[in-house]
Protein chains: 2
Amino acid sequence: MADLLDFGSTPLLSLLPEGVSGRLRAAASIVEYDDGETIHSRGDAKPGLSIIRSGAVRFANPGADGSYVTTSILGEGHCFGEATLFARLPRAYDAIAEGQTVIEQITKTRFDRIFNEEPELARALVVAMTQRLYSVLDFLEDVRRLPLDVRTAKLIAGMERTAKHSGAVECSQSDLAFTLGVSRVSIGKALARLQDEGLIELGYGRIGVPDRKNLSDWVAARLPVEPLTRGE
Amino acid sequence: MADLLDFGSTPLLSLLPEGVSGRLRAAASIVEYDDGETIHSRGDAKPGLSIIRSGAVRFANPGADGSYVTTSILGEGHCFGEATLFARLPRAYDAIAEGQTVIEQITKTRFDRIFNEEPELARALVVAMTQRLYSVLDFLEDVRRLPLDVRTAKLIAGMERTAKHSGAVECSQSDLAFTLGVSRVSIGKALARLQDEGLIELGYGRIGVPDRKNLSDWVAARLPVEPLTRGE
DNA sequence: CCCTAATTGCTAATTTCTTAGCATTCTGAC
DNA sequence: GTCAGAATGCTAAGAAATTAGCAATTAGGG
C-alpha cells in the first residue's frame with residue numbers, strides 16, 4: 001500500500017524533464033533491495049538524494065514500547081533524503097524496502113553539481129516539497145476536526161484513486177490504522193460504519209469501493225469547507 | 001505567539017542573499033493590515049507569493065461547528081502562498097493579520113521572472129519547504145506516539161527557544177490547545193502535571209520556563225528515539 | 001489438500017479526551 | 001480605582017479510543 005504522501009504529491013521523476021532525470025540517473029549508483037531489507041537507519045549522517053526507481057520504501061521509527069511506527073510509504077518515482085541535503089540533518093527515519101525495490105543513490109557532491117547546473121531540478125523539488133507539505137497539513141487539519149470514520153473514508157478514497165486496480169484498495173486494516181495513527185479496533189469500528197452505509201465492502205487484505213463517486217460525495221458532505229480545485 | 005511551522009523552519013528572507021531579497025522587494029507591492037484584518041480567504045484563486053515583512057499571520061479555516069481552526073501562525077521573514085504557484089491551488093486557508101502587519105505581495109508573473117533568473121531563490125525555497133515538511137512530519141509522529149504532557153512540554157521548549165524574552169513563553173492555554181489540536185481542559189491538566197514536576201510556572205497569558213535544559217532533558221528522556229543533531 | 005500465519009471480528013475493562021458548565025483571578029483601559 | 005473582558009481552575013457526565021484478549025476466517029506455501 002501507499003499512503004498520503006505518496007498519492008498526495010507528484011513523484012519527482014515525473015516533474016523532471018527527460019534531460020535532468022537522465023543526468024541524475026547517470027550520476028547515481030543503483031542499489032537493489034529485497035523485501036524488508038534496511039536501506040538506511042535513523043541517525044545515518046551520509047547526505048545524498050535517493051530516488052525510488054521501482055518498488056516502495058517504508059519510513060518508520062521505533063516507538064516507545066518497542067513497536068514500529070510507520071510515518072509514510074513512498075512508491076515509484078518519489079525521492080527521499082532531501083533533509084540530509086537541505087537541512088543538513090541525518091536521516092530521520094529507518095527506510096525499509098517494501099517488496100523488491102531498486103533505489104538510485106546520488107551523493108551530495110554529485111547532486112550539488114547537477115542542482116547548480118540544472119535550474120529545472122530546483123523547480124521540480126520545490127513543487128514536490130510544496131505538494132507534500134500541503135498534503136500533510138491537510139491531513140493534520142483533518143485530525144483536528146473530523147471524526148475517524150470521515151478520515152478513514154477520505155483516506156480510502158484517496159488511495160483508491162491512485163490504486164493500480166481501481167474499485168478496490170489493497171491493504172490490511174492494520175495498515176490503515178498505522179496511517180491514521182489509531183488502533184486497529186477503532187479502524188474496525190469506523191470501517192463497519194462505512195460498510196453499513198454501503199460505501200465500502202470489507203474483504204481480506206482489501207477494501208472494495210463499489211462506487212467511487214458515492215464515497216467521495218459522502219466525504220465531501222461531511223467536510224466543514226469546500227474542497228479545493230486546481231486552477232486551469 | 002508563533003507555532004511549530006514558524007519556529008521549526010528558517011524564514012525565507014534569511015535564506016536569501018541580499019540581492020535576491022532586494023529584487024523581490026522591488027517587485028512587490030506593500031500592503032499593510034490592522035490586527036484581525038483578512039489578508040485573503042480560502043478559495044481565492046489569484047496566485048502569488050507573499051512575504052511577511054513585519055507582524056504575523058494566522059492561517060485558519062472554519063470548522064464543522066462554526067469554530068475556527070488555526071493551522072499555523074507565521075512571523076517575520078516567512079513566506080506563504082507557495083501552493084498557489086507550485087501546485088496551482090487556490091489559497092487553502094483564510095489568512096488573518098495578527099497585530100499590525102506588513103505584507104509584500106508579489107504577483108505570479110513577476111515572481112516567475114525572478115524565479116527563472118535567480119537560481120538562489122529556488123534553492124532557498126527548497127530549503128524552507130523541506131524544513132517545514134520535516135517539522136510537520138515530526139509533529140505528526142509525536143501525535144501518534146507521545147502522551148499529551150510530553151507533546152506539550154516539547155512545544156513549550158521549542159517556543160521558548162525562539163521567544164523574544166527567554167525564560168518564558170507568551171501565550172494563552174487556549175492557543176496551546178489550538179496548536180496541539182486538543183481541548184483547553186486537556187491542556188490544563190497537562191500543564192498542571194508539568195508544573196507539579198517543577199518544569200514550568202503557570203501565569204496569566206504566559207508560561208515560565210525556569211530552567212530550559214531541565215525541560216528539554218525531561219522531554220528527551222521520554223522520546224522513544226534519540227533527537228537528531230544537525231551535521232557540522 | 002492441509003496447515004500455518006495473517007487477518008478480521010468481537011468483547012470488556014480502562015483510560016483519555018471532550019463538552020458544558022461556572023467561579024475566580026488577572027490585566028489593561030478608562 | 002473601577003470595571004469589563006480575558007484567562008485560568010475546576011467539576012462532572014458522556015463520548016471515544018486504547019489495551020488485551022480470543023475465536024473465526026482466509027490465503028498461500030508445501
Side-chain angles (χ1 to χ4, degrees), chain A residues 1 35-36 58 63-70 98-99 140 142-153 155-156 165 168-196 200-208 222 224, chain B residues 1 35-36 58 63-70 98-99 140 142-153 155-156 165 168-196 200-208 222 224:
Chain A
M1 75 153 227
D35 182 48
R58 173 185 298 266
D65 51 351
S67 68
Y68 218 52
V69 181
T70 298
E98 287 270 301
L140 204 50
D142 290 347
V143 170
R144 290 179 191 190
R145 61 180 193 186
L146 296 183
L148 184 57
D149 45 5
V150 181
R151 271 186 292 151
T152 307
L155 178 62
I156 293 171
H165 312 292
V169 169
E170 307 275 332
C171 86
S172 73
Q173 297 186 9
S174 308
D175 287 338
L176 286 180
F178 262 138
T179 304
L180 291 169
V182 297
S183 71
R184 192 173 62 81
V185 177
S186 303
I187 282 292
K189 285 181 185 168
L191 290 174
R193 280 193 292 270
L194 296 177
Q195 186 167 236
D196 285 347
I200 59 173
E201 285 159 3
L202 294 179
Y204 185 88
R206 80 174 239 135
I207 293 163
R222 280 155 187 81
Chain B
M1 76 153 228
D35 181 50
R58 173 184 298 265
D65 51 351
S67 69
Y68 217 52
V69 180
T70 298
E98 287 270 302
L140 203 50
D142 290 347
V143 170
R144 291 178 190 189
R145 60 181 193 185
L146 296 183
L148 183 57
D149 45 6
V150 180
R151 271 186 291 152
T152 308
L155 178 62
I156 294 171
H165 311 291
V169 170
E170 306 277 331
C171 87
S172 73
Q173 299 186 6
S174 309
D175 287 338
L176 286 180
F178 263 137
T179 302
L180 291 170
V182 296
S183 71
R184 192 173 61 79
V185 177
S186 302
I187 281 292
K189 285 181 186 168
L191 290 173
R193 279 193 292 270
L194 296 177
Q195 185 166 237
D196 286 347
I200 59 173
E201 285 158 3
L202 295 178
Y204 185 89
R206 77 172 243 136
I207 292 164
R222 278 154 189 83

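Throughout, a chain's letter reflects where its sequence line sits, starting with A, and its residues are numbered from 1.
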Given atom [atom1] of [X] and atom [atom2] of [N], what is their separation to the nearest angstrom?
X	N	atom1	atom2	value
B:Asp149	C:dT15	CG	P	16 Å
B:Asp35	D:dA6	CG	P	12 Å
B:Leu148	C:dT15	CG	C1'	14 Å
A:Leu194	C:dT8	CG	P	15 Å
A:Ile200	C:dG9	CD1	P	10 Å
A:Glu170	C:dA6	CD	P	18 Å
A:Arg145	C:dT19	CZ	C1'	20 Å

Inset, instruction - Report the residues that fulfil salt bridge (charged side-chain N to carboxylate O under 4.0 Å, His left out) with A:Arg193, sequence neighbours left out, ordered by chain and then residue number. - result: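 A:Arg193 satisfies salt bridge (charged side-chain N to carboxylate O under 4.0 Å, His left out) with A:Asp149 once adjacent residues are dropped.
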Inset, instruction - Using atom types as modelled and distance alone, determine if a side-chain donor or acceptor of A:Arg144 lies under 3.5 Å from a backbone N or O of B:Thr179. - result: yes
If you take all heavy atoms of [X] and [Y], which pair is closest and at what distance?
X	Y	answer
B:Leu202	B:Ala192	CD1-N, 4.5 Å
B:Arg206	B:Ala168	NH1-CB, 3.4 Å
B:Asp175	B:Arg58	OD1-NH2, 4.3 Å
A:Ala190	A:Thr152	CB-OG1, 3.8 Å

Legend entry - Nucleic acid footprint by protein, nucleotides 8-15 of chain D - heavy-atom cut-off 4.0 Å, B for base, S for sugar-phosphate alone: BBBB----
Inset, instruction - Using only side-chain N and O atoms of B:Ser186, determine if any of them is under 4.0 Å from OP1 or OP2 of C:dT16. - result: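 Result: no.
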